[in-house]
Protein chains: 2
Amino acid sequence: MKDLPIILYIANKAGLHGTLTSSTVLLAAELDISQQTVSRKLQELDEEGSIKKQTTPVGVTLSLTEKGKGKLRMLHGELQQILNQQTNIAGIVKDGLGEGKFYMSQEQYKQQFQSLLNFTPYPGTLNLAVDKNGAEVFLAAKKQLYVSGFQTKERTFGGLKCYPVLIAKKIVGAVIVPDRTTHTLETVEIIAAANLRSILKLENGKEVAIQ
Amino acid sequence: MKDLPIILYIANKAGLHGTLTSSTVLLAAELDISQQTVSRKLQELDEEGSIKKQTTPVGVTLSLTEKGKGKLRMLHGELQQILNQQTNIAGIVKDGLGEGKFYMSQEQYKQQFQSLLNFTPYPGTLNLAVDKNGAEVFLAAKKQLYVSGFQTKERTFGGLKCYPVLIAKKIVGAVIVPDRTTHTLETVEIIAAANLRSILKLENGKEVAIQ
DNA sequence: ATTACTAGGTTCCGAGTAA
DNA sequence: TTTACTCGGAACCTAGTAA
């Protein structure tokens with residue numbers, strides 16, 4: 001749309017249906033363009049039918065036309081669509097390998113989780129089968145935190161990415177994606193402060209939504 | 001915001017967080033500007049930090065930066081505020097003068113209502129006491145229809161403005177404002193296909209929301 | 001095939017000023 | 001005071017091309 005700043009200014013000051021009494025000089029100052037440009041642009045917007053302009057001896061009176069309102073509504077709709085994308089996915093509970101429990105018991109991991117997520121994870125992860133593409137989009141939209149790897153005298157523990165999420169609309173947790181993961185994003189691992197399986201009464205095959 | 005069309009295009013195609021693989025030639029065709037302009041604008045948007053651009057031998061790979069997303073969100077918020085103004089008010093049921101019933105029984109009114117509103121009003125109006133200013137803003141935001149006056153051999157019936165509304169979240173009706181009204185907008189008259197008092201179980205003093 | 005530079009034409013902006 | 005015209009200069013766009 002053309003000359004959006006001016007239309008937005010009018011809409012803000014006058015409301016969608018009201019009128020704005022002002023002057024080209026004042027508008028110029030507020031919009032940080034010259035009085036001449038304001039004058040010209042108001043003419044153009046009027047001719048093109050986006051606004052209605054009445055010139056008086058003491059200034060101008062402006063309001064949006066249906067066409068102008070329509071443009072704002074269209075733009076709003078477009079933005080709505082862009083911004084309100086996939087913000088949740090569902091996954092099916094499935095068996096993990098019991099590794100999660102071992103990892104989540106490591107003190108170094110636990111400390112990092114506590115400081116990054118403000119909770120210490122229950123020792124054990126919930127594995128969810130999800131749509132791979134859906135999960136990628138979903139996680140891309142989330143804030144990514146990073147838990148670094150470390151070494152003990154026995155072995156090396158890798159780093160992992162970590163995305164805070166809300167599980168089943170009420171429990172704060174996180175999706176974790178180990179750097180060297182055994183499964184792709186077809187499966188997603190979830191941690192939380194409590195045992196999700198028990199407090200959500202989950203069994204294999206049940207569906208859980210995360211957001 | 002500068003170069004909104006390009007940012008919107010990327011956001012539409014790639015989503016907020018995804019990446020778009022394309023070429024300046026293709027973008028030029030879709031946006032109806034020259035390849036050179038696309039090339040330059042992508043450089044500018046990249047330098048200014050609204051998008052991230054990677055140039056490959058076969059085209060460009062684009063994604064929005066946090067700054068770019070922020071701009072979209074800000075614009076969206078602004079539009080939200082403008083568009084989602086007062087879209088409902090509440091009123092207290094009160095006694096009318098019984099005139100409504102007489103007017104709504106007039107065949108010429110009934111026919112016009114039917115064609116404008118797609119319902120024939122129940123013979124009688126519901127009077128609601130509302131906040132005057134609130135009502136003005138509310139009605140200003142509604143589509144205004146006009147029912148013209150007419151004459152019979154006995155007398156003259158005036159025209160009236162008519163605003164389709166939803167009553168109590170479920171019943172389609174309309175606010176009517178006679179051209180020569182006896183009350184100001186402190187009281188609002190409502191019509192609907194059915195008897196609102198009975199189907200909503202209303203008595204004087206009860207509150208009704210209209211939107 | 002790309003991207004993107006240069007050059008020249010067009011559009012746009014705003015200082016000056018008339019009404 | 002206004003709005004809005006003229007006109008010179010700045011900004012912007014694209015055809016031609018190099019890489």
Side-chain angles (χ1 to χ4, degrees), chain A residues 1-15 18-65 67-68 71-72 74-75 78, chain B residues 1-15 17-65 67-68 71-72 75 78:
Chain A
M1 158 145 60
K2 251 196 57 176
D3 291 321
L4 187 57
I6 295 192
I7 298 186
L8 277 181
Y9 181 86
I10 297 173
N12 263 321
K13 291 288 181 182
T19 62
L20 173 63
T21 303
S22 185
S23 76
T24 55
V25 178
L26 214 148
L27 287 166
E30 300 252 332
L31 295 166
D32 203 29
I33 49 182
S34 72
Q35 175 271 323
Q36 291 87 340
T37 298
V38 172
S39 173
R40 182 168 31 79
K41 291 204 162 178
L42 290 179
Q43 285 177 63
E44 287 166 9
L45 286 169
D46 190 18
E47 278 162 28
E48 148 203 319
S50 290
I51 69 169
K52 189 159 168 297
K53 162 166 147 306
Q54 278 176 308
T55 304
T56 74
V58 295
V60 287
T61 302
L62 306 168
S63 61
L64 298 181
T65 61
K67 184 173 171 186
K71 285 183 174 183
L72 291 181
M74 262 194 53
L75 183 57
E78 202 169 341
Chain B
M1 158 146 63
K2 250 197 58 177
D3 291 322
L4 187 58
I6 295 191
I7 297 186
L8 276 180
Y9 182 85
I10 297 172
N12 262 320
K13 291 288 181 181
H17 311 283
T19 62
L20 173 63
T21 303
S22 184
S23 76
T24 54
V25 178
L26 214 149
L27 287 167
E30 299 252 333
L31 294 165
D32 204 29
I33 49 182
S34 72
Q35 175 270 323
Q36 291 86 341
T37 296
V38 171
S39 174
R40 181 169 35 78
K41 292 206 160 178
L42 290 180
Q43 285 176 63
E44 288 166 6
L45 286 170
D46 191 16
E47 279 162 27
E48 144 200 324
S50 290
I51 70 169
K52 188 160 169 298
K53 162 165 143 313
Q54 278 177 307
T55 304
T56 74
V58 295
V60 286
T61 301
L62 307 167
S63 61
L64 297 182
T65 62
K67 183 172 171 187
K71 286 184 174 182
L72 291 182
L75 184 56
E78 201 169 342

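Note that the coordinates shown come from a computational prediction; the quantities given were computed from them, not determined experimentally. Throughout, a chain's letter reflects where its sequence line sits, starting with A, and its residues are numbered from 1. Below, each value reflects all heavy atoms present in this structure, side chains not excepted, and no hydrogens, waters or symmetry copies.
- For A:S22 against A:L27, the heavy-atom pair with the smallest separation is OG-CG, 3.8 Å.
- Counting to the nearest Å, the P atom of C:dA4 and the CD atom of B:E47 are 10 Å from each other.
- Taking atom CD of B:Q36 as the reference point, atom P of C:dC5 lies 12 Å away to the nearest angstrom.
- Salt bridge A:K2/A:E44: present, at least one basic N to carboxylate O contact under 4.0 Å.
- Side chain of B:K67 to backbone of B:E48: a donor-acceptor contact under 3.5 angstrom is found.
- Along DNA chain C, the nucleotide nearest A:Q35 and the nucleotide nearest B:L26 are compared for position; the residue whose nucleotide lies closer to the 5' end is B:L26.
- Here the nucleotide nearest the side chain of B:Q43, chosen from D:dT3, D:dC5, C:dA4, is C:dA4.
- Side-chain atoms of B:T65 come within 3.5 Å of backbone atoms of B:S50 as a donor-acceptor pair (strictly under, hydrogens ignored).
- Between A:S34 and C:dC13 there is no side-chain N or O to OP1 or OP2 distance below 4.0 Å.
- Across the protein-nucleic acid pair, A:L42 atom CG and D:dC5 atom C1' stand 16 Å apart, rounded to whole Å.
- The nucleotide whose nearest atom lies closest to any side-chain atom of B:S39 is, among C:dT2, C:dA4, D:dT2, C:dA4.
- With distances taken from any side-chain atom of B:K41 to the nucleotides C:dA15, D:dC13, D:dA4, the minimum falls on D:dC13.
- Comparing atom distances between the B:R40 side chain and each of C:dG14, D:dT14, D:dA4 picks out D:dT14 as nearest.
- Residue B:D32 contributes atom CG, which lies 13 Å from atom P of D:dC13 at whole-angstrom precision.
- Distances shorter than 4.0 Å separate some side-chain N or O of A:T37 from OP1 or OP2 on C:dG14.
- Listed pair A:T24 / D:dA4 fails the phosphate criterion, with no side-chain N or O lying under 4.0 Å from OP1 or OP2.
- The B:V25 side chain lies nearest to C:dT3 when the options are D:dA4, C:dT3, D:dT3.
- Heavy-atom contacts from other residues, nucleotides or ligands closer than 6.0 Å to NZ of B:K13 number 12 or fewer.
- Taking the nucleotide of DNA chain D with the nearest heavy atom to each of A:G59 and B:K2, the more 5' of the two is matched to A:G59.
- For A:S23, the listed nucleotide lying nearest its side chain is D:dT2; candidates were D:dA4, C:dC13, D:dT2.
- Between the C1' atom of D:dT14 and the CG atom of B:L31 lies a distance of 15 Å, rounded to the nearest Å.
- Atom CD in B:E44 sits roughly 16 Å away from atom P in C:dT3 (whole-Å rounding).
- B:T55 has a side-chain polar atom (N or O) that falls below the 4.0 Å cut-off from OP1 or OP2 of C:dA4.
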